2 protein chains.
Amino acid sequence: MDDVIARLERAERLEELQSIIEWLRDHYAVDDMVYHWVSSNGTQYGCGTYDPKWVARYLDQGYLRIDPVVLGCYQRFHPVDWKRLDWSSKAARALMSDAVAHGIGNQGYSIPIRGPNGQFALFTVSHTCDDETWKSFTELNRRDLILLAHYFNQTALRLEPGRTPEPTQALSPREVETMTLLAVGYSRAQVADTLSISEHTLRVYIESARFKLGALNTTHAVARAMARGLIVV
Amino acid sequence: MDDVIARLERAERLEELQSIIEWLRDHYAVDDMVYHWVSSNGTQYGCGTYDPKWVARYLDQGYLRIDPVVLGCYQRFHPVDWKRLDWSSKAARALMSDAVAHGIGNQGYSIPIRGPNGQFALFTVSHTCDDETWKSFTELNRRDLILLAHYFNQTALRLEPGRTPEPTQALSPREVETMTLLAVGYSRAQVADTLSISEHTLRVYIESARFKLGALNTTHAVARAMARGLIVV
DNA sequence: CGGCGCCTCGCCAGATCTGGGGAGTTGGAA
DNA sequence: TTCCAACTCCCCAGATCTGGCGAGGCGCCG
């Protein structure tokens, strides 16, 4: 563990994660181990030991949107055994049989991880064995897996291009208040009232914030302020 | 560690976290240890060993919005030493001196944790000592602290009333597209055009999404959709 | 001391959004 | 099969937001 974490912290390119995860798979003697982002906007990243054919098929078929592992983890915080997810829908069962046909193990354990700006990733271990064996494996290694998930995500966030620099001009205190109140549903009039200023002054803040954030309208400005973590809602 | 985690997993009431965190403070022989949600909508929860006077003052003064620990962690994924945060603003320095006056240690280490629906919490250790001592303490215990943060949050999420029943009604695909495009600055007309539907139909989606999200207006709906991770921008 | 950023205020017209009606098709779930 | 959620379309009036004009005071920094 110590070695792996140190390697993750030292890593300078995303590609290194691939060899680390392969090493981990062998170390824990499981069929597969996978780390991947989940995002709908297209910026995919993942590393792991799944058959590339399966990965391609998975993405191609849009399984991301029906996979109970993804959907289930998205609403949970704790690691989850695949057996405990909801496989009742037809699409989910079709996905499962397709997965089995591509050599994915019958057992799985996935850990959801979340970063800033709504970033979401999964760290998954999969294997073929009976329930008892799997239960003892996950109970024994759960903490290791949580930490690995954490460090994989940390490294991926650090190395992901476009995540780091972004000068992100800060907002003035009044602008922050304005954006925050707008984000919680206040109208301009209500915000102005809450801040005890004229509505016109408020508009100046909104426009100023919009300019700083490079936003096209108020909604855009609020969205950007949130995405950049400038306001806490 | 094993005992504590087992206690956290067994806990049936939020109050138990308080005694656990006190035990941990003594175990690690630090001045203070704190776990708390961060949200502006009022649903506060926290447990820890800070002087209640300081906690009350912190909330009362709205320090949540200017605390570099909160703001800094909100934009990060990894644990962070307080020294590495941006204390340059006047408000931040005022907060720090106020904290010191209330007996908060000069050293601190905070771990951001994120759960479903944009939930955000902090797990913090604070102490009074020199930089070297603190550095070795954090390096030695970082992994423990990450795991503790994780299990504290897991327990808090499990026990928090109102977190469980509300499965956060999902948005339909069209609603997601609508919210996403609005979040990137499109006007209603532009969104309708992009989606090749009438502007009226678009309005139906916006209103429907607003209803599902319990939002008061479009900006609020977009903000909530983002906060709950329903859209990725 | 002269900028520069922040905070504050006013007016107006046109663009945009919101709220309240009603209505038909389709595909998947019970 | 029946039902429901999702998707699509239309009108109108009033509320709200946006864009563009201008103006003054305060505090900080070089």
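Not measured: the values here are computed from a predicted model. Below, each value reflects all heavy atoms present in this structure, side chains not excepted, and no hydrogens, waters or symmetry copies. We name chains A, B, ... by the order of the sequence lines, and we start the count at 1 in each one.
- Side-chain nitrogen and oxygen atoms of A/S208 include none within less than 4.0 Å of the OP1 or OP2 phosphate oxygen of C/dC6.
- Within the structure, ring-ring contact (aromatic ring centres under 6.0 Å, His included) contacts touching residues 195-225 of chain A (residues at least two apart or in different chains) do not occur.
- For the OP1/OP2 pair of C/dC7 and a distance below 4.0 Å, the side-chain nitrogens and oxygens of A/T201 include no atom meeting the criterion.
- Each of C/dC6, C/dC9, D/dA6 was ranked by its minimum atom distance to the side chain of B/K212; first place goes to D/dA6.
- Remark: A/D67 engages A/Y58 in a side-chain hydrogen bond (donor to acceptor under 3.5 Å, both in side chains) (not counting sequence neighbours).
- Distances shown here put a side-chain N or O of A/S172 below 4.0 Å from the OP1 or OP2 atom of C/dC7.
- Looking at residues two or more places apart in sequence or on another chain, you find a side-chain hydrogen bond (donor to acceptor under 3.5 Å, both in side chains) between B/R13 and B/E15.
- With sequence neighbours excluded, the residues forming a side chain to side chain contact (heavy atoms under 4.5 Å, CB included) with A/R188 are A/E199, A/L202, A/R203, A/I206, listed by chain and number.
- The side chain to side chain contact (heavy atoms under 4.5 Å, CB included) check on A/T155 picks up A/L8, A/A11, A/L17, A/R158, A/L159, with sequence neighbours excluded.
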Restricting both atoms to N or O, compile the protein contacts to nucleotides 25-30 of chain C shorter than 3.5 Å, with distance only.
none

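- Looking only at side-chain heavy atoms (C-beta outward), B/L230 and B/M179 stay at 4.5 Å or farther from each other.
- Atom-to-atom, CD of B/E175 to C1' of D/dA6 comes out at 8 Å; the value is rounded to the nearest Å.
- Each ring-ring contact (aromatic ring centres under 6.0 Å, His included) pair with one or both residues in residues 64-87 of chain B, not counting sequence neighbours, appears once here: A/H150-B/F77, B/Y74-B/F120.
- Distances shorter than 4.0 Å separate none of the side-chain N or O atoms of A/R174 from OP1 or OP2 on C/dG5.
- When the side chain to side chain contact (heavy atoms under 4.5 Å, CB included) test is applied to A/R25, the partners found at least two apart in sequence or on another chain are A/E22, A/V30, A/M33, A/T49.
- Checked against B/T128 for a side chain to side chain contact (heavy atoms under 4.5 Å, CB included), the options B/V100, B/D31, B/T133 give a single hit: B/D31.
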Q | Base-contact (B) and sugar-phosphate-only (S) positions in nucleotides 12-18 of chain C, heavy-atom cut-off under 4.0 Å, - elsewhere | A | B----BB
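- Within the structure, every pair that satisfies the salt bridge (Lys or Arg N to Asp or Glu O under 4.0 Å) test and touches residues 98-109 of chain B, not counting sequence neighbours, is listed here: B/R57-B/D98.
- Qualifying ring-ring contact (aromatic ring centres under 6.0 Å, His included) partners for A/Y109, counting only residues two or more places apart in sequence or in other chains: none.
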Polar atoms only, N or O, under 3.5 Å: list the protein pairs with nucleotides 24-26 of chain D and their distances.
none

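- Whole-Å rounding puts the B/L202 CG to D/dC11 P distance at 16 Å.
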